[in-house]
Amino acid sequence: QGPDHYPAHEQDGQHDPRYIPELYQVWLKTRVDVVQACRDFSNYPAYKVFGNRFLSLAASILGGVWYRDVESNYRIMKVGVYKDLVKFFTGYRYSGAFEAGIILGVMGKKIDNSFPVKVPYYRSGSTFMDGFHVLGTGLWTRIKLLAGLARKPENLRLLESQVEECYLRTSPAGIVP
(Lines give C-alpha, C1' and ligand atoms only; values in the text may rest on other atoms or scores of the structure.)
Protein backbone atom coordinates (compact mmCIF):
# COMPACT_ATOMS: atom_id res chain seq x y z
CA GLN A 1 0.00 0.00 0.00
CA GLY A 2 1.22 3.48 -0.85
CA PRO A 3 1.19 6.61 1.26
CA ASP A 4 -2.09 8.16 2.46
CA HIS A 5 -1.15 11.64 1.25
CA TYR A 6 0.16 13.27 -1.88
CA PRO A 7 2.58 16.23 -1.92
CA ALA A 8 2.42 18.46 -5.00
CA HIS A 9 4.37 21.54 -6.04
CA GLU A 10 5.38 23.48 -9.12
CA GLN A 11 8.27 21.99 -11.05
CA ASP A 12 9.58 25.39 -12.17
CA GLY A 13 11.47 26.08 -8.94
CA GLN A 14 9.07 28.60 -7.50
CA HIS A 15 8.34 26.32 -4.53
CA ASP A 16 11.12 25.31 -2.18
CA PRO A 17 10.79 21.57 -1.41
CA ARG A 18 12.22 22.09 2.08
CA TYR A 19 8.68 23.08 3.19
CA ILE A 20 7.23 19.64 2.39
CA PRO A 21 7.94 18.17 5.86
CA GLU A 22 6.39 21.26 7.50
CA LEU A 23 3.33 21.07 5.26
CA TYR A 24 3.05 17.40 6.18
CA GLN A 25 3.21 18.25 9.90
CA VAL A 26 0.41 20.82 9.46
CA TRP A 27 -1.58 18.18 7.58
CA LEU A 28 -1.06 15.67 10.42
CA LYS A 29 -1.93 18.22 13.10
CA THR A 30 -5.05 19.67 11.45
CA ARG A 31 -6.27 16.47 9.73
CA VAL A 32 -7.79 18.55 6.96
CA ASP A 33 -8.11 17.04 3.51
CA VAL A 34 -5.73 19.57 1.93
CA VAL A 35 -2.98 21.83 3.25
CA GLN A 36 -2.25 24.40 0.57
CA ALA A 37 0.63 26.81 1.04
CA CYS A 38 0.08 30.55 0.88
CA ARG A 39 2.95 32.25 -0.94
CA ASP A 40 4.81 35.34 0.22
CA PHE A 41 4.42 37.83 -2.64
CA SER A 42 7.12 40.27 -1.52
CA ASN A 43 9.10 39.74 -4.74
CA TYR A 44 6.05 39.90 -7.06
CA PRO A 45 4.97 42.98 -9.02
CA ALA A 46 1.80 44.70 -7.78
CA TYR A 47 -0.31 43.66 -10.79
CA LYS A 48 0.47 39.96 -10.12
CA VAL A 49 -0.49 40.34 -6.47
CA PHE A 50 -3.76 42.05 -7.51
CA GLY A 51 -4.46 39.27 -10.04
CA ASN A 52 -3.83 36.59 -7.44
CA ARG A 53 -6.08 38.30 -4.90
CA PHE A 54 -8.83 38.67 -7.51
CA LEU A 55 -8.62 35.00 -8.57
CA SER A 56 -8.47 33.88 -4.92
CA LEU A 57 -11.66 35.85 -4.20
CA ALA A 58 -13.36 34.42 -7.31
CA ALA A 59 -12.40 30.84 -6.35
CA SER A 60 -13.60 31.48 -2.79
CA ILE A 61 -17.00 32.53 -4.12
CA LEU A 62 -17.25 29.74 -6.71
CA GLY A 63 -15.95 27.02 -4.37
CA GLY A 64 -17.40 28.12 -1.06
CA VAL A 65 -14.01 28.03 0.73
CA TRP A 66 -11.92 31.06 1.71
CA TYR A 67 -8.58 31.14 -0.12
CA ARG A 68 -5.68 33.45 0.62
CA ASP A 69 -3.73 32.09 -2.35
CA VAL A 70 -5.75 29.77 -4.59
CA GLU A 71 -3.09 29.86 -7.30
CA SER A 72 -0.52 28.09 -5.13
CA ASN A 73 0.05 24.58 -6.40
CA TYR A 74 2.08 23.76 -3.29
CA ARG A 75 -0.08 21.38 -1.29
CA ILE A 76 -0.38 18.09 0.51
CA MET A 77 -3.65 16.22 0.23
CA LYS A 78 -5.10 12.85 0.97
CA VAL A 79 -4.77 10.37 -1.87
CA GLY A 80 -8.55 9.89 -1.88
CA VAL A 81 -9.03 13.63 -2.33
CA TYR A 82 -6.80 13.57 -5.39
CA LYS A 83 -8.87 10.74 -6.83
CA ASP A 84 -12.05 12.77 -6.27
CA LEU A 85 -10.43 15.86 -7.79
CA VAL A 86 -9.50 14.24 -11.10
CA LYS A 87 -13.13 13.36 -11.82
CA PHE A 88 -13.76 16.99 -12.83
CA PHE A 89 -10.27 18.41 -13.29
CA THR A 90 -8.91 19.47 -16.69
CA GLY A 91 -5.88 21.57 -15.63
CA TYR A 92 -5.51 23.36 -18.95
CA ARG A 93 -2.63 25.87 -19.08
CA TYR A 94 -2.52 27.99 -15.90
CA SER A 95 -5.98 27.00 -14.66
CA GLY A 96 -4.99 23.98 -12.57
CA ALA A 97 -4.74 25.46 -9.07
CA PHE A 98 -7.82 27.66 -9.58
CA GLU A 99 -9.83 24.72 -10.87
CA ALA A 100 -8.67 22.47 -8.02
CA GLY A 101 -9.69 25.12 -5.48
CA ILE A 102 -13.20 25.29 -6.87
CA ILE A 103 -13.62 21.52 -7.20
CA LEU A 104 -12.29 20.77 -3.71
CA GLY A 105 -14.44 23.47 -2.16
CA VAL A 106 -17.64 22.38 -3.88
CA MET A 107 -16.92 18.78 -2.88
CA GLY A 108 -16.83 19.93 0.74
CA LYS A 109 -13.17 19.12 1.34
CA LYS A 110 -11.56 20.71 4.39
CA ILE A 111 -8.78 23.03 3.22
CA ASP A 112 -6.14 24.94 5.17
CA ASN A 113 -4.61 27.70 3.00
CA SER A 114 -2.77 29.55 5.75
CA PHE A 115 0.70 27.99 5.78
CA PRO A 116 3.12 30.74 4.60
CA VAL A 117 6.04 29.93 2.29
CA LYS A 118 8.75 32.11 0.81
CA VAL A 119 9.03 31.97 -2.97
CA PRO A 120 12.67 31.66 -4.08
CA TYR A 121 12.08 33.67 -7.25
CA TYR A 122 9.35 35.36 -9.22
CA ARG A 123 8.40 33.38 -12.32
CA SER A 124 7.22 35.62 -15.10
CA GLY A 125 5.40 34.46 -18.19
CA SER A 126 1.71 34.45 -17.33
CA THR A 127 -0.22 37.40 -18.72
CA PHE A 128 -3.36 39.38 -18.04
CA MET A 129 -5.12 37.28 -20.70
CA ASP A 130 -4.07 34.12 -18.87
CA GLY A 131 -6.02 35.47 -15.88
CA PHE A 132 -9.16 35.71 -18.02
CA HIS A 133 -8.53 32.19 -19.31
CA VAL A 134 -8.18 30.91 -15.74
CA LEU A 135 -11.39 32.65 -14.68
CA GLY A 136 -13.28 31.27 -17.70
CA THR A 137 -12.03 27.75 -17.03
CA GLY A 138 -13.09 28.12 -13.40
CA LEU A 139 -16.59 29.20 -14.39
CA TRP A 140 -16.83 26.21 -16.74
CA THR A 141 -15.59 23.95 -13.93
CA ARG A 142 -18.34 25.25 -11.63
CA ILE A 143 -20.93 24.55 -14.34
CA LYS A 144 -19.54 21.01 -14.77
CA LEU A 145 -19.86 20.46 -11.03
CA LEU A 146 -23.43 21.78 -10.94
CA ALA A 147 -24.37 19.56 -13.88
CA GLY A 148 -22.46 16.51 -12.62
CA LEU A 149 -20.34 16.34 -15.78
CA ALA A 150 -17.54 14.09 -14.57
CA ARG A 151 -14.98 12.28 -16.72
CA LYS A 152 -16.13 9.16 -18.51
CA PRO A 153 -15.61 6.09 -16.27
CA GLU A 154 -13.20 4.40 -18.71
CA ASN A 155 -11.01 7.53 -18.88
CA LEU A 156 -11.16 7.88 -15.12
CA ARG A 157 -10.07 4.27 -14.52
CA LEU A 158 -7.02 4.75 -16.75
CA LEU A 159 -6.10 8.00 -15.00
CA GLU A 160 -6.62 6.50 -11.52
CA SER A 161 -4.41 3.52 -12.34
CA GLN A 162 -1.65 5.85 -13.56
CA VAL A 163 -1.98 7.99 -10.43
CA GLU A 164 -1.89 4.93 -8.16
CA GLU A 165 1.25 3.67 -9.91
CA CYS A 166 2.83 7.08 -9.40
CA TYR A 167 2.00 7.04 -5.66
CA LEU A 168 3.56 3.64 -5.23
CA ARG A 169 6.76 4.67 -7.05
CA THR A 170 7.26 8.06 -5.40
CA SER A 171 7.53 8.68 -1.71
CA PRO A 172 9.62 11.69 -0.68
CA ALA A 173 12.14 10.98 2.08
CA GLY A 174 10.90 11.90 5.51
CA ILE A 175 7.26 12.20 4.51
CA VAL A 176 5.66 8.77 4.81
CA PRO A 177 5.04 7.88 8.47
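Numbering of residues begins at 1 and proceeds along the displayed sequence. Given the structure is predicted, the values throughout are model-derived calculations rather than measurements.
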What verdict does the side chain to side chain contact (heavy atoms under 4.5 Å, CB included) test give for E71 and V134, after you've listed the backbone C-alpha separation in whole Å, the side-chain angles of each residue and the deciding distance to 0.1 Å?
CA-CA 10 Å; E71 287 294 302; V134 167; 3.8 Å; yes
Show the numbers, then the answer: is there a side chain to side chain contact (heavy atoms under 4.5 Å, CB included) between F88 and I102?
CA-CA 10 Å; F88 293 94; I102 295 166; over 6 Å; no
Take L104 and V65 through the test side chain to side chain contact (heavy atoms under 4.5 Å, CB included) and record every step on the way to the result.
CA-CA 9 Å; L104 295 171; V65 172; over 6 Å; no
Any chance you could lay out the side chain to side chain contact (heavy atoms under 4.5 Å, CB included) test for V117 and D16, step after step, and finish with the verdict?
CA-CA 8 Å; V117 296; D16 189 339; over 6 Å; no
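Looking at R39 and Y74, their side chains never come closer than 4.5 Å, going by heavy atoms from C-beta outward.
In summary, the side chains of N113 and D69 do not present any donor paired with an acceptor at a separation below 3.5 Å, with no hydrogens or angles considered. Inspection of the K48 and S126 side chains reveals an N or O donor paired with an N or O acceptor under 3.5 Å. No hydrogens or angles considered: nothing links the side chains of T137 and E99 as a donor-acceptor pair under 3.5 Å.
Using cut-offs of 30° and 60° for the angle between ring planes, the F54 and F50 rings count as parallel.
Atom CG of L57 sits about 11.0 Å away from atom CG of N52, to the nearest 0.5 Å. Rounded to the nearest 0.5 Å, atoms CD (Q36) and CZ (R68) are 12.0 Å apart. D33 contributes atom CG, which lies 11.0 Å from atom CE of M107 (distance to the nearest 0.5 angstrom). One finds the CH2 atom of W66 at 5.0 Å from the OG atom of S60 (value rounded to the nearest 0.5 Å). Summarising the geometry, atom CG belonging to L135 is positioned 5.0 Å from atom CZ belonging to F98; distances are rounded to the nearest 0.5 Å. Once rounded to the nearest 0.5 Å, the distance linking OG1 of T30 with CG of D112 reads 5.5 Å.
In terms of hydrophobic clustering, with Ile, Leu, Val, Met, Phe, Trp and Tyr side chains grouped at heavy-atom distances under 4.5 Å, Y44 and Y47 are assigned to a common cluster. Each of I103 and I61 belongs to its own hydrophobic cluster when Ile, Leu, Val, Met, Phe, Trp and Tyr are linked at side-chain heavy-atom distances under 4.5 angstrom. Cluster annotation: L28 and F115 are assigned to the same hydrophobic cluster (Ile/Leu/Val/Met/Phe/Trp/Tyr, side-chain heavy-atom contacts under 4.5 Å, transitive).
Closest non-hydrogen pair, S114 versus C38, comes out as C-CB, 4.4 Å. Here the closest heavy-atom approach between residue A97 and residue N73 is recorded as CB-OD1, 3.4 Å. In terms of heavy atoms, L85 sits closest to A100 at CD1-CA, 3.7 Å.
Remark: side-chain polar atoms of W27 are paired, donor with acceptor, to backbone N or O of V32 under 3.5 angstrom. Side-chain atoms of D130 come within 3.5 Å of backbone atoms of T127 as a donor-acceptor pair (strictly under, hydrogens ignored).
A cation-pi contact, defined as under 6.0 Å to the ring centre and within 45° of the axis, is absent between R142 and W140.
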